[in-house]
Structure formats: structure tokens, C-alpha cells
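Below is one structure, written out as C-alpha cells; the observations come after it.
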Amino acid sequence: MKINKTILGVGTLVVAGMLAIAADHIDAPAVQGGTADITDYYAFQAENTSNMVFVANVQGLIMPSATGAAKFDENVMVEINIDNNGDAVEDLVIQAVPRDGKMYFFGPVKPTAPGITSTVMTGSPLGNVNISAYNGTESITTTSNGSKLFAGPRDDPFFFDFGQYTEIIAGRATGFNAQGTDTFAGSNVMSIVIEVPKSTLGSATTLNTWAESKKK
Amino acid sequence: MKIFNFKIAAMVIALGATAVSCDKDDDMMVDPTPDFAGTFTQADQMGRPAINTVFVTSGNKDRFNVTTPSQQGAAFQSAFQARLLALNPGYTTNALTFTAAQFTGALATDVLSVNTSGKTTFFDGTNVLTGRALNDDVINTELLLIFGGPTGASNPTLTNDNVNANDKPFLTSFPYLAKPW
């Protein structure tokens, strides 16, 4: 088991060193390997179908041996952007900012201004949650309006034979293998999970959504 | 009276200084209101999975991450189309009946659409792009749309990576993602 993990670690480093990696892990030079690197983003209906869930993961390919030391960066805000009138401009944002072991959440609220800079919408606090420790107590906050908040390390939910994809793109293979290898197996991410009542997101039948990381 | 108020104010300030200097692990400390001042400037962004990785050329990946979605189509659609045709020179249309221009026009504005009622999935055989759930095999869906041709049957060795599920089961309840390894 130890040997397997070592091999996996080495293989992952080699792959990561080669080029950009899906889903959004290490996607661009300015963010790769840093605390603002978004690895994945999900939006789906909650177990309580009156609610919507947003997941933003950062800092991909964290091996178990490094997960205990992994931290959210207090200079990085993760912002869920929600367009509810179809123009791909955010009408609402949900912001997550870490401070001293807690993740503070704001929104959903109309941002002061849309675009690539943000200030924290301190007038619209959603709640906060203790950042869960690796293999420690799992902290979940449920707010008075039924929103749920989580921040901490989780298994990377992404799965893909990225190694074979790389071989195909490089011209060294003509197709995927009959049995694929999940490049992301056994690795962790720093995860932010937010569940809010759909009624807080406007009345549109379809939302356009995306995740951003912003640095101070 | 005035002096009395001044004394209380001085005491509050003194207490404040004590609180700030005391140990983080001291349970007696009143939780201070954190400082959230400042302007945060964009570093990374993501809507649909793997768009920057697959469709943006190496010199433009940082620029894609700081181009607002409403401007991404104008800035990147033609480059996306060139990239699509480099990946699959035989591309005609795909299972969504999109031409290369239509498909890359939809992809270049990198937002994840999500329905506010009903099932939310990237693709489940019936529903298309109504959200993204944790167990959606989004890579197979994208490979199918890039390489699969109008019926999804073209290039069969390129439309399925044969990794069809996560390495840990997801949870049915919040926070939904599996515990870390």
C-alpha cells in the first residue's frame, strides 16, 4: 500500500509537470500549484429539492501525506457567480473568505459591481463554519434560512484517465485503453460546499453559473 | 460623568488590546470581527469542466481566466473552433447537431447552466446540460461531443476513457463529497 501510494505520487507529479490538467486543475501558468487554482466546479439540486448546491474545489492533487498541512489562503476569495437573466453577467454572488480557521460566507447578493474585481459583501453575511481538519471532526453549519456550509479537505470528486488522454494528444496513442486509469484516484482537494434555498437565487428557470478565485 | 465615560472607554480599549494579544487557543477570547477590507482581483475561473485545459492554447490560458464570461465568446470562439478541428479534423456536427462554429460558440462562454427545477445533470442520456452532479461522467460527454460525430458512433476509441466513476462513493447528504483519502 505504501509503495502504491509512492508510485501514485510520483506518477501524478510527472503528469502535473507535463502540461495543463483537467477538469480545471493546474489549468494556467498564473494559478497552477497555487492556493487560487480552482480544480473543479459543480452545481446541482440538493437532497432537499428546494435547495441548490454549489461546490468549488481548489488546490488539486493533494496527496494524503500532504493533506493535513493543506490550508485555504486568507488572501483568496472563492466566489460563485450566478446570472439569472441570460446575459452571462453575474446578478448574484456567493462569496467564501477564510479567516483564522473559519470560512465566512456572504450572499447570495447583488455584487457592488460585476467583473474581475470584488469586495467582500460584508452587509450580507450568510454564516460561517469551522474549517474541518483532516481526519478530524467534520463541521457543518446550518443557517436560519436552511443554508448549509462546509469547508475542508475532501476526496477529489473528479475522475478521468488524464494520462492516456495526454498520450493521445501527444500522438503516442490512438485511443483510450479498455480499462482506464483514474489519474485523480487517491488524491484530495480543498473543498467549499454551499447549499442555499433556490428561492434566494431569483425566479429564472435556468441559471448560468461559474466559480471564480480572486486574490487580495 | 464625562470622566467616568472616558475611563470606561479606556478600559474597553485596554481590554481590546489584551484580547488581540492573547493566544489563539484561549477559549475565553471573544471572537473578533475579522477584517474583510480590500479589493480581490480575479485569478482563476471555471464554468464547465476542462474547457480551459482542452480548448485554450498554451499562451492564452491566463487571459481566458480573467476574461469575463460575457466577453469570452468574442475573444475565444474562433480559437476554440481551430482547436476543435485540430483535435478532430473530421468534425462535421455532433450529437447536439451543432456545427463547429455553433459548438465552439456555446463552449467559449464558459458558464455552467443549471435548471432551478427537476434533475440537474451534465448528461444522463435524456437531460442535457441541466447542471453538473458529482457522479456525472463529464469527460465522456465532452469526448462524445468532440469526437463522436452526429450519431455519437464515430471514433469509438476516443469517446470513452473507461473511467466511469469516482474512486470513492459520494454521499447522499450534505456535504455530498467523500471524505479525504
Given B:L87 and A:I169, is the side-chain contact (heavy atoms from CB on, under 4.5 Å) satisfied, shown in steps? CA-CA 8 Å; B:L87 285 168; A:I169 295 300; 3.5 Å; yes
Working for side-chain contact (heavy atoms from CB on, under 4.5 Å), residues B:Q45 and A:Y41: CA-CA 9 Å; B:Q45 72 180 333; A:Y41 169 62; over 6 Å; no
Kindly indicate, with the supporting measurements, whether the criterion side-chain contact (heavy atoms from CB on, under 4.5 Å) is fulfilled by A:Q95 and B:F40. CA-CA 11 Å; A:Q95 299 172 330; B:F40 293 73; over 6 Å; no
Tell me, with the steps shown, if A:F158 and B:I139 meet side-chain contact (heavy atoms from CB on, under 4.5 Å). CA-CA 9 Å; A:F158 189 57; B:I139 289 296; 3.7 Å; yes
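Proximity to chain B is limited to the backbone of A:L149, based on heavy atoms less than 4.5 angstrom apart. With a threshold of 4.5 angstrom between heavy atoms, A:N177 approaches chain B through N, CA, C or O but not through any side-chain atom. Residue B:D110 touches chain A through its backbone alone, counting heavy-atom pairs closer than 4.5 Å. The contact between A:R154 and chain B is made by backbone and side chain atoms together, counting heavy-atom distances below 4.5 Å. Using a 4.5 Å cut-off between heavy atoms, A:I38 contacts chain B through both its backbone and its side chain. The contact between A:V53 and chain B is made entirely by side chain atoms (from C-beta outward), counting heavy-atom distances below 4.5 Å. Proximity to chain B involves both the backbone and the side chain of A:D40, based on heavy atoms less than 4.5 angstrom apart. Residue B:L129: no heavy atom, backbone or side chain, is found under 4.5 Å from chain A. Heavy atoms of B:V56 lying under 4.5 Å from chain A are absent altogether. A:M77 touches chain B through backbone and side chain together, each having a heavy atom under 4.5 Å away. Within the 4.5 angstrom heavy-atom criterion, atoms from both the backbone and the side chain of A:T209 approach chain B. With a 4.5 angstrom heavy-atom cutoff, B:F170 touches chain A only via side-chain atoms. For A:T181, the part lying under 4.5 angstrom from a heavy atom of chain B is the backbone only. Heavy atoms closer than 4.5 Å to chain A are found nowhere in B:N155, neither backbone nor side chain. Interface remark: A:D83 contributes no atoms to any contact with chain B (heavy atom separation under 4.5 Å). Of the two parts of A:V55, only the side chain, counted from C-beta on, holds a non-hydrogen atom closer than 4.5 Å to a non-hydrogen atom of chain B. Neither the backbone nor the side chain of B:F147 comes within contact range of chain A; no heavy atom of the residue lies under 4.5 Å from a heavy atom of that chain. For a residue to count as touching a neighbouring chain, one of its non-hydrogen atoms must lie under 4.5 Å from one of that chain's; by this rule A:K198 touches chain B with the side chain only. For a residue to count as touching a neighbouring chain, one of its non-hydrogen atoms must lie under 4.5 Å from one of that chain's; by this rule B:N140 does not touch chain A. Contacts of A:E79 with chain B are absent, with no heavy-atom separation under 4.5 Å from either backbone or side chain. Only the side chain of A:N188 comes within less than 4.5 Å of a heavy atom in chain B; its backbone stays farther off. Heavy-atom distances place the side chain of B:N65, and not its backbone, under 4.5 Å from chain A.
Of the inter-residue distances, the one linking B:Q42 atom CD with A:T117 atom OG1 reads 9.5 Å to the nearest 0.5 angstrom. Between B:T33 atom OG1 and A:R99 atom CZ the span is 12.5 Å, to the nearest 0.5 Å.
Of all heavy-atom pairs between A:S191 and B:L177, the closest is OG-CD2, 3.3 Å. Shown here for A:D87 and B:S70, the closest heavy-atom pair between the two residues is O-CB, 3.7 Å. Of all heavy-atom pairs between B:F174 and A:E195, the closest is CD1-OE1, 3.5 Å. Between A:F159 and B:N135, the closest heavy-atom pair is CZ-O, 3.9 Å. In plain terms, the two heavy atoms of A:W210 and B:G47 that are nearest each other are CB-CA, 4.0 Å. Contact detail for B:V163 and A:F160: the closest heavy-atom pair is CG1-N, 4.1 Å.
A:Y42 places no side-chain N or O within donor-acceptor distance of the main-chain N or O of B:G131, the cut-off being under 3.5 Å. Using a distance-only test at 3.5 Å, with no hydrogens or angles considered, a donor-acceptor pair links the side chain of B:D161 to the main chain of A:D161. When atom types are taken as modelled, the side chain of B:T116 and the backbone of A:A204 share a donor-acceptor pair closer than 3.5 angstrom. A donor-acceptor contact shorter than 3.5 Å links the side chain of B:Y176 to the backbone of A:E47. With hydrogens and angles ignored, the 3.5 Å screen pairs a side-chain donor or acceptor of A:K216 with a backbone N or O of B:A37. The backbone N or O of B:M46 lies less than 3.5 Å from no partner atom in the side chain of A:D24, so there is not a single donor-acceptor pair.
For chain A, the option among B:S173, B:S58, B:S117 with the highest count of heavy-atom pairs below 4.5 Å is B:S173. Highest contact tally toward chain A, considering only B:T121, B:T67, B:T130, B:N164, is held by B:N164 [criterion: heavy-atom pairs under 4.5 Å]. Contact count against chain A (heavy-atom pairs under 4.5 Å) is highest for B:N52 among B:I51, B:V138, B:N52, B:T68. Here A:D155 is the residue among A:D155, A:N51, A:V78 with the most heavy-atom pairs under 4.5 Å with chain B. The candidate with the highest count of non-hydrogen atom pairs below 4.5 Å against chain A, out of B:D35, B:V111, B:N160, B:T41, is B:T41. Counting heavy-atom pairs closer than 4.5 Å to chain A, the top-ranked of the candidates B:T109, B:T39, B:L143 is B:T39. Between chain A and the residues B:P49, B:S113, B:A178, the largest count of heavy-atom pairs under 4.5 Å involves B:A178.
In this model, no donor atom of one side chain and acceptor atom of the other lie less than 3.5 Å apart for A:Q45 and B:T120.
Between B:P175 and A:E138 the shortest side-chain heavy-atom distance falls below 4.5 Å.
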